[in-house]
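Note that ligands are numbered from 1 as they come in the structure, with each ligand's atoms numbered from 1 the same way. All heavy atoms count here, side chains included; hydrogens, waters and symmetry mates do not. For the single chain, residues carry numbers from 1 onward in sequence order.
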Amino acid sequence: MAKLKTAYVCSSCGNQSAKWLGKCPQCGEWNTFNEEVTGNSQQSHIPGIASVAPTLLHEIAPLDKERIVLKDSELNRVLGDGLVPGSVILFTGEPGIGKSTLMLQIALQFPGKKVLYVSGEESPQQIKSRADRLKKANENIYILPETNVEAIIEHIQKTDPDLLIIDSIQTLQSSKLDSAPGTISQIRECANDITLVAKRKSIPTFLIGHITKDGQIAGPKVLEHMVDVVLAFEGDRNHIYRIIRSSKNRFGPSNEMGIYQMEENGLKVVENPSSILLSHNEENLSGIAISASMEGIRPLLIETQALVSTAAYGTPQRSATGFDTKRLNMLLAVLEKRCGFKIQLKDVFLNITGGIKPEDTGIDLSIVAAILSSGIDIAIPSTYCFAGEIGLSGEIRAVRSVAARIKEAEKMGFTTIFLSKYNDEDSLKGKKIKIVRLAKAQDLVTHLFR
Ligand code: TYD
Ligand code: MG
């Protein structure tokens with residue numbers, strides 16, 4: 001195949017060069033040169049794919065009628081009630097988290113149709129042995145160990161699958177470019193070609209993507225713009241729980257999440273996540289508080305644990321698992337300044353159980369309660385839960401979806417919920433659970449520990 005004309009372009013100022021440079025002579029930035037295709041766009045280069053004609057808006061069939069409902073209830077919900085034909089989904093996560101496992105599971109349970117699983121990472125034998133381990137069967141899965149994108153497209157045309165899985169986008173290589181697989185230009189070129197075929201042939205497609213150590217998708221940001229849905233698979237490899245989260249979704253809610261459990265024979269959907277994230281504090285230990293959180297549109301009870309102790313070294317340590325350390329520092333400053341709680345010379349450790357990273361700021365109140373409880377060494381009754389965001393002046397702000405949080409808390413047997421005074425009173429009427437409404441963080445001390 002003919003090579004495309006490429007040049008190295010500075011991602012900071014757009015300066016072009018025939019060869020790679022470490023430092024841009026125009027803007028002085030380092031490591032900004034990437035290989036880019038110049039001149040003619042590559043869109044018309046795919047053989048056998050005709051261009052589409054315009055359609056009248058009112059003649060276009062609505063999406064929802066055609067959605068493919070998967071067996072996997074969590075993925076269905078995260079996608080917004082099923083898979084849209086022709087949608088391209090970027091599925092990212094750290095190595096070993098279970099991306100290939102989940103995708104193979106989806107392929108094995110795909111409602112009766114043909115699946116093409118392209119693997120640039122594992123041999124067909126490895127995939128076969130994983131499929132045996134998952135103990136599910138689908139006679140219509142084709143495994144293609146190929147990395148050349150032109151060859152893959154040829155096979156897509158021949159096989160005409162109903163679902164396409166690419167494992168992973170970083171291993172693909174287009175013969176139009178000289179650069180190695182995994183480089184920005186290769187990733188972009190290959191993703192562009194695959195996306196184009198998926199759209200034209202209306203094949204729902206999952207692109208598995210690696211992420212780098214600092215949590216970025218390895219490859220250009222433009223990959224996220226190209227696809228319809230971006231899903232991230234998170235969790236601690238040493239924990240059994242895995243969380244799938246959508247950060248972009250053109251066909252459904254974004255910020256939606258689903259929870260799985262990694263077992264001997266694959267990933268199992270967790271039906272009642274609130275119950276697994278609570279450790280049932282039977283010994284009544286101090287430093288534990290439960291947050292009535294919302295993750296996406298789903299209420300979730302999350303246990304927050306804090307340990308406050310006298311600093312062993314000169315500089316106190318602050319460390320958090322599953323929570324932003326900067327936000328922890330902010331909450332500590334509020335406690336120090338607004339509640340008169342002397343914490344400056346203390347080590348503070350924070351842990352969100354289950355290895356999850358909540359995104360709801362309504363977890364603040366529970367974190368502050370856990371820190372106070374550990375600092376004062378008085379346990380919080382295990383039937384209390386909290387939901388509120390803390391502001392810089394120590395005010396407790398209202399949270400969204402209070403009714404859903406209360407309902408989940410009642411379902412899980414909680415007797416008291418602490419909320420912001422500013423939550424709409426009407427939505428709190430007629431509840432079984434006792435509702436304590438607070439205005440400021442210091443009110444928490446009065447209510448809990450006096
Ligand atoms: P994998 O899907 O290969 O991860 P990724 O594609 O994201 O790199 O997952 C690998 C891990 O999952 C591996 O450490 C083994 C574990 N695993 C199970 O615990 N149970 C199973 O049934 C399978 C297939 C894998
Ligand atoms: Mg893999």
**Student:** Do S87 and R250 touch side chain to side chain, with heavy atoms closer than 4.5 Å?
**Tutor:** no
**Student:** Show me which atoms of ligand 1 lie under 4.0 Å from any heavy atom of P95.
**Tutor:** 8 (O)
**Student:** For atom 15 (C) of ligand 1, what is the nearest protein heavy atom, given as residue, atom name and distance?
**Tutor:** R133 NH1, 4.4 Å
**Student:** Return yes if a side-chain donor-acceptor contact under 3.5 Å exists between S100 and E121, otherwise no.
**Tutor:** no
**Student:** Output the list of atoms in ligand 1 that are nearer than 4.0 Å to some heavy atom of E264, sorted by atom number.
**Tutor:** 20 (N), 21 (C), 22 (O)
**Student:** Short N/O distance, under 3.5 Å, between G96 and ligand 1?
**Tutor:** yes
**Student:** Can you tell me if D167 and S119 form a side-chain donor-acceptor pair at under 3.5 Å?
**Tutor:** no
**Student:** In terms of residue, atom name and distance, what is the protein heavy atom nearest to atom 6 (O) of ligand 1?
**Tutor:** S100 OG, 2.6 Å
**Student:** Do S373 side-chain atoms and G287 backbone N/O form a donor-acceptor pair below 3.5 Å?
**Tutor:** yes
**Student:** Between ligand 1 and L134, is the shortest N or O to N or O distance under 3.5 Å?
**Tutor:** no
**Student:** Which atoms of ligand 1 are found less than 4.0 Å from any heavy atom of E94?
**Tutor:** 7 (O)
**Student:** Pairing donors with acceptors under 3.5 angstrom, does anything connect the side chains of S175 and E150?
**Tutor:** yes
**Student:** Starting from atom 22 (O) of ligand 1, what is the nearest protein heavy atom, named by residue and atom, and what distance separates them?
**Tutor:** G266 N, 2.6 Å
**Student:** Check whether any side-chain N or O of E94 sits under 3.5 Å from a backbone N or O of I211 as a donor-acceptor pair, and report yes or no.
**Tutor:** no
**Student:** Which is it for N265 and ligand 1 at heavy atoms under 4.0 Å: side chain, backbone, both or neither?
**Tutor:** backbone
**Student:** Please confirm whether M103 comes under 4.0 Å of ligand 1, counting heavy atoms of the residue only.
**Tutor:** no
**Student:** For atom 2 (O) of ligand 1, what is the closest protein heavy atom, and at what distance to 0.1 Å?
**Tutor:** T101 OG1, 2.6 Å
**Student:** Sub-3.5 Å donor-acceptor pair from the side chain of D162 to the main-chain atoms of K114, do we have one?
**Tutor:** yes
**Student:** So how far is it from K158 NZ to L116 CG, rounded to the nearest 0.5 Å?
**Tutor:** 11.5 Å
**Student:** Among side-chain atoms of T353 and Q305, is any donor-acceptor pair under 3.5 angstrom?
**Tutor:** no
**Student:** Applying the side chain to side chain contact (heavy atoms under 4.5 Å, CB included) test to I166, which of V88, I208, V118, L144 qualifies?
**Tutor:** V118
**Student:** To check your reading of the model: name the closest protein heavy atom to atom 4 (O) of ligand 1, its residue, and the distance in Å.
**Tutor:** G98 N, 3.1 Å
**Student:** Between K99 and ligand 1, which residue portion shows a heavy-atom distance shorter than 4.0 Å: side chain, backbone, both, or neither?
**Tutor:** both
**Student:** Who's the nearest protein heavy-atom neighbour of atom 16 (C) of ligand 1, and how far?
**Tutor:** M262 CE, 3.8 Å
**Student:** Considering only non-hydrogen protein atoms, determine which one is nearest to atom 3 (O) of ligand 1 and report residue, atom name and distance to 0.1 Å.
**Tutor:** R130 NH2, 2.8 Å
**Student:** So which heavy atom in the protein is nearest atom 20 (N) of ligand 1, and how far is it from that ligand atom?
**Tutor:** E263 O, 2.7 Å
**Student:** I'd like to know if K248 pairs up with E224 as an ion pair, taking the criterion as any Lys NZ or Arg NE/NH1/NH2 lying under 4.0 Å from an Asp or Glu carboxylate oxygen.
**Tutor:** no
**Student:** Purely on distance, is any nitrogen or oxygen of E122 under 3.5 Å from one on ligand 1?
**Tutor:** no
**Student:** As a test of understanding, state which of R405, K357, R245 forms a salt bridge (charged side-chain N to carboxylate O under 4.0 Å, His left out) with E295.
**Tutor:** R245
**Student:** Assign the ring pair F418 / F386 to parallel, tilted or perpendicular, where the plane angle (0 to 90°) is split at 30° and 60°.
**Tutor:** parallel
**Student:** Just to be sure I understand the site: which N, O or S atoms from the protein are less than 2.8 Å away from the Mg ion (ligand 2)?
**Tutor:** S100 OG
**Student:** Would G93 count as a contact of ligand 1 if the rule is a heavy atom under 4.0 Å away?
**Tutor:** no
**Student:** Between ligand 1 and E121, can you find any atom pair, the residue atom being a heavy atom, that is separated by under 4.0 Å?
**Tutor:** no
**Student:** Taking side-chain contact (heavy atoms from CB on, under 4.5 Å) as the definition, give me every residue that meets it alongside S374, ordered by chain and number, with sequence neighbours left out.
**Tutor:** L307, V308
**Student:** Starting at CD of E74, measure out to CD1 of I244 and round the result to the nearest 0.5 Å.
**Tutor:** 9.0 Å
